[in-house]
Amino acid sequence: MRTEASVLHLDLDAFFAAVEQRDKPSLRGKPVVVGGVGGRGVVSTASYEARRYGVRSAMSTREARSRCPHAAFLSGRFHAYRETSERVMGLLRSVSPLVEPLSLDEAFVDLRQADLPDLAVPTVTAFAQDLRRRVVEVTDGLTASVGVGSSKFIAKIASDLDKPDGLVVVAPGTERDLLRPMNVTVIPGVGPATTERLRRVGIHTVEELETVTEDEMVRLLGNAHGTWLFHLARAQDDRAVEPERETKSVSVEGTYDTDLTDRTLMEGLLTRQAGEVATRLGKNGLSGRTVTIKVRLHDFTTLSRSSTLPSPTDSRTTIARMARTLLADLDTSGGVRLLGVGVSGLADWVQEDLFGETAEAEEELPEIVVPHHSRRTWAPGMDVEHEEMGRGWVWGSGRGVVTVRFETAQTPAGPVRSYAEDDPALSAWRPPEPDPAAGG
DNA sequence: TCTGGGGTCCTAGGACCC
DNA sequence: TCTGGGGTCCTAGGACCC
């Protein structure tokens, strides 16, 4: 924790709804709800007019409609949100090089790196007011709530205290007095489960939380969370403002209006999602080793299955096949409401293609053709054929061994076998069409 | 017809290696 | 012939955030 109030947190007010009201004057002053409009949609953002009717983020759209039937229900225009967000982040970066975006509508700014004569409360207050004015300017009318304090934690709490269109600067030294009367739920990281655990031992406020020893807290909430909360209860937070945070995973998921029961359809949907994940990996120059599927059953039970390759991939065919294979192990007979595919274990480099082709070339050539029996030709995802086992694809290779998973569209979870990489029974599978470029 | 989609981080158990 | 530890990787699930 710093001795001066030099961490700023900025939060754009009802951001998605505010962009809609800005761009569509007929919506100004009226309740606007942005979110999923389908049968199983939830509210992403409600304008303050809609909040007066009890509409809240994360509420089902169905309930929002019953609370506020005359609201405008919009599915969202993410390009507009992103574009507006970039203008705000650009403004923040012009003020300090240390800007950490948390989402499209939120960021931390380190004021130690800003051009300020000093970091006294009156100075940062004037600076923050001017920044809020410039946000309105640069966004054509959107307002922001800002908090400034001696840490990320305090700045974030402060920006919440006078919403919307407010500013709160917490004077150094007053943090703990501010926190004590507050409910534990104001602490970021304290959600429903933690709140309930604390409630059961009679803890509701930060002041009560302060009475718990670190050991007790760890016993109650686990090592990481317990230790973390022990310190936050005392306003102890030394986290730096981190401008660059690297991506750890990329995923696509979808909830369907009616439960799925057709396995072939599920495989088709996973295949399409895998393609979207691969495209996004490729655009960002990423590849990853672990493919995970997510399946939410009719009763909301959520399952995940994952599998890790020997080397990273960004190939749509490999990701899709792994996804379908993982699905094969699951009983989905009761119906599925959500399917998803993700890739993690990311490397910021793409495995060098054996033919020196670019990722774009793979888009046109989903089936890779490899020469017969030459060494070092087995890359994950390649189609191969075994004299006895039939057609399969390379699961992994290395140290002279190639592992092949045999599958057909009907039986995705085929057996896995390993062979010496120069086993003559194993050959590259060729598409039925003659390919003059393939050579021998 | 309650309950999105994109993420991050943590835990716990088992495998495996030294 | 009884029973080490530590470290790392992988998997599944859960809590939480916006």
Side-chain angles (χ1 to χ4, degrees), chain A residues 9-17 33-46 56-67 75-76 78 81-82 85 100-108 152-153 156 159-160 184-198 218 221-229 239 242 245-259 273 276-277 280 288-310 322 326 329-330 335 337-346 396:
Chain A
H9 179 256
L10 181 139
D11 195 337
L12 293 159
D13 300 314
F15 179 52
F16 296 171
V33 177
V34 179
V37 293
R40 286 170 167 174
V42 299
V43 174
S44 183
T45 312
R56 294 284 179 270
S57 292
M59 173 184 283
S60 74
T61 299
R62 178 171 312 279
E63 186 174 353
R65 276 190 208 276
S66 86
R67 291 192 186 211
S75 61
F78 280 82
Y81 308 153
R82 193 164 295 115
S85 175
E100 178 179 336
L102 298 177
S103 62
L104 288 180
D105 64 340
E106 260 186 65
F108 286 114
K152 283 182 167 182
F153 173 47
K156 170 111 177 148
S159 71
D160 232 24
V184 291
T185 53
V186 304
I187 301 176
V190 177
T194 306
T195 304
E196 175 57 19
R197 281 195 203 182
L198 292 173
V218 167
L221 304 173
N223 204 343
H225 204 193
T227 308
W228 176 230
L229 227 54
R239 291 171 299 165
E242 308 258 18
R245 302 191 57 185
E246 63 185 89
T247 305
K248 302 273 174 69
S249 66
V250 173
S251 65
V252 170
E253 65 183 53
T255 294
Y256 306 99
D257 277 344
T258 54
D259 290 350
Q273 291 174 329
E276 291 170 35
V277 169
R280 278 169 47 196
R289 290 178 56 217
T290 303
V291 174
T292 304
I293 65 163
K294 179 170 164 183
V295 177
R296 181 119 74 206
L297 304 177
H298 65 291
D299 65 353
F300 221 71
T301 308
T302 306
L303 307 171
S304 68
R305 290 293 180 273
S306 66
S307 187
T308 299
L309 289 164
M322 291 177 71
L326 290 164
D329 291 340
L330 297 175
R337 59 148 51 220
L338 171 146
L339 283 176
V341 178
V343 172
S344 57
L346 300 186

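Reminder, nothing fancy here: chain letters follow the sequence lines and each chain counts from 1.
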Fill in: C:dT3 versus B:dC17 - spacing of their P atoms, nearest Å
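My reading of the P atoms in C:dT3 and B:dC17 gives 23 Å.
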Practice prompt. Pick the P atom in B:dC2 and in C:dC18, then give their distance to the nearest Å.
Written response: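 About 28 Å, rounded to a whole number of Å.
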Discussion item. Suppose we screen for side-chain contact (heavy atoms from CB on, under 4.5 Å). Which residues come up paired with A:Arg62, at least two apart in sequence or across chains?
Written reply: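 A:Ser60.
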Discussion item. Could you work out, with side-chain contact (heavy atoms from CB on, under 4.5 Å) as the rule, every residue matching A:Thr45, not counting sequence neighbours?
Written reply: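 Partners of A:Thr45 under the side-chain contact (heavy atoms from CB on, under 4.5 Å) test: A:Ala14, A:Phe16, A:Ala17, A:Arg51.
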List the residues meeting side chain to side chain donor-acceptor pair (under 3.5 Å) with [X], not counting sequence neighbours, and say none if there are none.
| X | result |
| --- | --- |
| A:Glu246 | none |
| A:Arg239 | A:Asp237 |
| A:Arg67 | A:Glu63 |
| A:Thr247 | none |

Discussion item. Assess, by modelled atom type and distance only, whether the side chains of A:Thr302 and A:Arg296 contain a donor and an acceptor separated by less than 3.5 Å.
Written reply: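 On atom types as modelled, these side chains qualify, holding a pair under 3.5 Å.
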Which whole-number value in Å describes the distance from [X] [atom1] to [N] [atom2]?
| X | N | atom1 | atom2 | result |
| --- | --- | --- | --- | --- |
| A:Arg56 | C:dC18 | CZ | P | 15 Å |
| A:Phe78 | B:dG5 | CZ | C1' | 8 Å |
| A:Phe15 | C:dC17 | CZ | C1' | 17 Å |
| A:Phe300 | B:dG4 | CZ | C1' | 9 Å |

Fill in: Contacts of A:Tyr256 that satisfy ring-ring contact (aromatic ring centres under 6.0 Å, His included) - sequence neighbours left out
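None.
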Worksheet item: What pairs with A:Phe108 under ring-ring contact (aromatic ring centres under 6.0 Å, His included), at least two apart in sequence or on another chain?
Response: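 For A:Phe108 the ring-ring contact (aromatic ring centres under 6.0 Å, His included) partners, ignoring immediate neighbours, are A:His9.
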Need one value for [X]: base, sugar-phosphate or nothing, where a base atom within 4.0 Å counts as base even if backbone is also close, heavy atoms only.
| X | answer |
| --- | --- |
| A:Leu102 | nothing |
| A:Arg296 | sugar-phosphate |
| A:Thr194 | sugar-phosphate |
| A:Gly189 | sugar-phosphate |

Any protein N or O atoms within reach of nucleotides 6-10 of chain B? Criterion: under 3.5 Å, listing atom names and distances.
residue, atom, partner, partner atom, Å
B:dG6, OP2, A:Glu253, N, 2.6
B:dG6, OP2, A:Glu253, O, 3.4
B:dG6, O3', A:Arg280, NH2, 3.4
B:dG7, OP1, A:Arg280, NH2, 2.2
B:dG7, OP2, A:Ser251, N, 2.8
B:dG7, OP2, A:Ser251, O, 3.4
B:dG7, OP2, A:Ser251, OG, 3.1
B:dT8, OP1, A:Lys248, N, 2.8
B:dT8, OP2, A:Ser249, N, 3.4
B:dT8, OP2, A:Ser249, OG, 2.7
B:dC9, OP2, A:Lys248, NZ, 2.9

Worksheet item: Can you list every pair that meets salt bridge (Lys or Arg N to Asp or Glu O under 4.0 Å) and has a residue in residues 249-258 of chain A, with sequence neighbours left out?
Response: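 Applying salt bridge (Lys or Arg N to Asp or Glu O under 4.0 Å) to every pair that reaches into residues 249-258 of chain A, excluding sequence neighbours, yields A:Glu253-A:Lys294.
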Practice prompt. For B:dT3, take OP1 and OP2 only and decide whether either is under 4.0 Å from a side-chain N or O of A:Arg62.
Written response: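 Indeed not, no polar side-chain atom of A:Arg62 lies that close.
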Each nucleotide N or O in nucleotides 12-14 of chain C that has a protein N or O under 3.5 Å away: list the pair and distance.
residue, atom, partner, partner atom, Å
C:dA12, OP2, A:Ser306, N, 2.6
C:dA12, OP2, A:Ser306, OG, 3.3
C:dG13, OP2, A:Ser304, N, 2.9
C:dG13, OP2, A:Ser304, O, 3.2
C:dG13, OP2, A:Arg305, NH1, 3.2

Fill in: DNA chain C stem ranges, 3 or more consecutive Watson-Crick or G-U pairs under 3.5 angstrom
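Stems found: B:5-18 with C:5-18.
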Discussion item. Checking contacts here: which listed nucleotide (C:dT11, C:dC18, B:dG4) is nearest the side-chain heavy atoms of A:Glu106?
Written reply: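 Closest nucleotide to the A:Glu106 side chain: C:dC18.
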